[in-house]
Trainee: 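Input: one structure, supplied below.
If you read the sequence from its start, that first residue is 1, and numbering goes on from there.
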Amino acid sequence: MNSMPDPFNSFLDMPQVPVSNAENGPLAGLRLAVKDIYDVAGLVTGCGNPGKAASSLPADKTAASVQVILDAGARYVGKTQTDELAFSLMGQNAHFPHPINPAAPDRVTGGSSSGSAAAVAGALADIAVGSDTGGSIRAPASFCGLIGLRTTHDLISLDGAMKLAPSLDTFGWFARDIDTYEKVARLLIGEDAHRGELVRPLALDWLDALPSGPAEAAEYRRMRGIAENALGPITKASPLTFSPDELYWCFRKVQAFEAWQQHGAWISSGDRGLGPGVKERFAFGATIDAAAYQAEIARRDAFRRALGALLGDDGILILPTVPGAAPLASATDAELLAYRERALMLLCLSGLSGFPQITLPIGTVDGAPFGLSLLGPAGSDLALIQLGRQVLQQQL
């Protein structure tokens, strides 16, 4: 069983099996935790559902991108909690004790990469692998005071990972410091496909209006000032012709349709004991037909073109990662849903476009972390990390 002390409920209680790693390499001496949607050789991949875990065989080999990190010298320390089938944003899996946010213990960690975020924020791991479909790297990173990048879609291999919504799923990871973050990125990415220099910071009025209250709005203005001092004057961009509601529903429908295509047959074949919220999201996916899905794909393609034209080769969109600090763990279901809907209006821009977005831990609201994001053109992942370094240095 997992013998590591875990005051944050980060890790799953699993049999100990030897997981080999290189003795030397750029990540030697660093500890790696892995979200339980990724295969690790010799262990079951449970995907946050006890029934799926009980009916699955141990994996024959480790997920490709996780293996890259192990081959660079990182030492595996355990599988981490995930929201059920990775289809949530709050980190409150009904089947397990909820992970505790080390940076704000009275607030949620965020999901679905909940355990991975808690493990790194609580210094139980130096690197933790997660995934981002709807915001499951960016939201937990913002909630727990970590660095997190939603990578350009299809840039990093997801071989050996559970699929949720394949046209939205991306590989991701957490770290507490930018040096470690960049080391992992260079191993997994190599060089940016995007060659333009990102020198034109941009803002959109409706994004600036999404922080959830006066304190959040004031802190966002302060964070934007730090970014402006580091990156140059922020220009107000011309409005896009897509409303926040339109993009939110486009994202919701694409994600839900694809999630049902991936998991609907398994869900329908027996009582799977899906937790509240997750059950309803899958049920929503079952109501979306192929024609409605294709209409949203066309809308997404049009949005991607519009955002690509706005950014050009040199633009960076500045935005709050989420509406504010993490919701309180004691919040009602209605309060969590309201936060989730507002958060997805911010998070869906990167998801729908497939463009990369990094969140940086430079803000606080009510004593809890609040992240600032930079969103760049497709393939500009490493450039965003370098710009993130400049913002973090400016904060210091």
Trainee: State, yes or no, whether a side-chain contact exists between Val120 and Arg176 at a heavy-atom distance under 4.5 Å.
Mentor: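 SC-SC contact between Val120 and Arg176 confirmed.
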Trainee: Less than 4.5 Å apart, any side-chain heavy atom of Val77 and any of Leu124?
Mentor: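 With C-beta onward as the side chain, the pair stays apart.
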Trainee: Tell me, yes or no, whether the heavy-atom count around Gln393 atom CD, taken from other residues, nucleotides or ligands under 6.0 Å, exceeds 12.
Mentor: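 Enclosed: over 12 neighbouring heavy atoms sit under 6.0 Å from CD of Gln393.
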Trainee: Taking atom OG of Ser373 and atom CG of Leu149, what is their separation to the nearest 0.5 Å?
Mentor: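 With rounding to 0.5 Å, OG (Ser373) is 9.5 Å from CG (Leu149).
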Trainee: For the residue pair Tyr181 and Trp173, does the interplanar ring angle fall in the parallel (under 30°), tilted (30 to 60°) or perpendicular (over 60°) class?
Mentor: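 Tyr181 vs Trp173 ring planes: parallel.
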Trainee: Apply side-chain contact (heavy atoms from CB on, under 4.5 Å) to the pair Phe370 and Thr364, showing each step before the final yes or no.
Mentor: CA-CA 5 Å; Phe370 179 24; Thr364 58; 5.9 Å; no
Trainee: Please name the pair of heavy atoms, one in Thr321 and one in Arg138, separated by the smallest distance, quoted to 0.1 Å.
Mentor: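 Taking every non-hydrogen atom into account, CG2-O, 3.6 Å.
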Trainee: Looking only at heavy atoms, what is the nearest atom pair of Thr109 and Ser114, with distance?
Mentor: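 Minimum heavy-atom contact is OG1-CB, 3.3 Å.
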Trainee: Would you kindly confirm whether Leu43 and Tyr38 end up in one hydrophobic cluster when ILVMFWY residues are joined by side chain heavy atoms under 4.5 Å apart?
Mentor: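 Per the 4.5 Å side-chain linkage, Leu43 and Tyr38 are co-clustered.
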Trainee: How far apart are the C-alpha atoms of Asp39 and Thr62, what are their side-chain angles, what is the distance that settles it, and do they pass the side-chain contact (heavy atoms from CB on, under 4.5 Å) test?
Mentor: CA-CA 5 Å; Asp39 289 346; Thr62 297; 5.9 Å; no
Trainee: Quick one: closest heavy-atom pair of Pro356 and Leu384, and the distance?
Mentor: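 Where Pro356 meets Leu384 most closely, the heavy atoms are O-CD1, 3.4 Å.
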Trainee: Compare every heavy atom of Met345 with every heavy atom of Asp245, then report the nearest pair and how far apart it is.
Mentor: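 Distance-wise, the nearest heavy atoms are OD1-CE, 3.1 Å.
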Trainee: With a 6.0 Å cut-off (strictly less than), is the heavy-atom count around CG of Asp179, excluding the residue itself, greater than 12?
Mentor: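 Yes - once you tally the heavy atoms of other residues, nucleotides and ligands closer than 6.0 Å, there are more than 12.
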Trainee: How long is the gap from CZ on Arg389 to CD1 on Ile385, to the nearest 0.5 Å?
Mentor: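 Reported to 0.5 Å precision, the distance equals 9.0 Å.
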Trainee: Counting C-beta onward and ignoring hydrogens, is there a side-chain heavy-atom pair between Asn49 and Val278 closer than 4.5 Å?
Mentor: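 The answer is no; the side chains never approach within 4.5 Å.
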Trainee: Under a single-linkage definition using a 4.5 Å side-chain heavy-atom cutoff for Ile, Leu, Val, Met, Phe, Trp and Tyr, are Ile137 and Leu392 assigned to the same hydrophobic cluster?
Mentor: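 Different clusters.
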Trainee: Tell me, do Leu374 and Ile318 make a side-chain contact under 4.5 Å, heavy atoms counted?
Mentor: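 In short, these two side chains touch, coming nearer than 4.5 Å.
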Trainee: For a quick test of reading the model, state the closest non-hydrogen atom pair linking Phe242 to Ala302 and the distance between them.
Mentor: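 Where Phe242 meets Ala302 most closely, the heavy atoms are CZ-C, 3.7 Å.
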Trainee: Between Thr133 and Asp169, does any side-chain donor sit less than 3.5 Å from a side-chain acceptor?
Mentor: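 Yes - a donor-acceptor pair under 3.5 Å links their side chains.
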Trainee: I need the Arg299 CZ to Lys253 NZ distance, nearest 0.5 Å.
Mentor: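 Taking CZ in Arg299 and NZ in Lys253, the distance rounds to 7.0 Å.
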Trainee: Kindly write out the residues that satisfy side-chain hydrogen bond (donor to acceptor under 3.5 Å, both in side chains) with Arg281, not counting sequence neighbours, or none if the list is empty.
Mentor: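 Applying side-chain hydrogen bond (donor to acceptor under 3.5 Å, both in side chains) to Arg281 gives Ser88.
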Trainee: Determine whether more than 12 heavy atoms belonging to other residues, nucleotides or ligands lie under 6.0 Å from atom NZ of Lys52.
Mentor: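 Above 12, so yes.
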Trainee: Side-chain heavy atoms nearer than 4.5 Å, only ILVMFWY residues, links allowed to pass through others: does that put Ile37 and Leu32 together?
Mentor: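 In one cluster with Ile37: Leu32, yes.
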Trainee: Should Val17 and Val129 be regarded as members of a common hydrophobic cluster, given that ILVMFWY residues are connected when their side-chain heavy atoms come within less than 4.5 Å of each other, either directly or indirectly?
Mentor: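 Linked within one cluster.
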Trainee: Does the side chain of Arg186 reach to within under 4.5 Å of the side chain of Pro26, using non-hydrogen atoms?
Mentor: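 Counting from C-beta outward, Arg186 and Pro26 never come under 4.5 Å.
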Trainee: Could you state the interatomic distance from NE2 (His194) to CG (Asp381), rounded to the nearest 0.5 Å?
Mentor: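 The CG atom of Asp381 is 10.5 Å from NE2 of His194, to the nearest 0.5 Å.
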Trainee: Let me check something: do Ile178 and Leu188 share a hydrophobic cluster, defined by ILVMFWY side-chain heavy atoms less than 4.5 Å apart, either directly or through other members?
Mentor: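 Yes, because Ile178 and Leu188 connect within a single hydrophobic cluster, where side-chain heavy atoms sit under 4.5 Å apart.
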Trainee: Taking side-chain hydrogen bond (donor to acceptor under 3.5 Å, both in side chains) as the criterion, tell me which of Ser136, Ser113, Ser116 meets it with Lys35.
Mentor: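 Running side-chain hydrogen bond (donor to acceptor under 3.5 Å, both in side chains) over Ser136, Ser113, Ser116 with Lys35 returns exactly one hit, Ser113.
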Trainee: Does any part of the side chain of Leu349, heavy atoms only, come nearer than 4.5 Å to the side chain of Leu207, both counted from C-beta?
Mentor: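 In contact.
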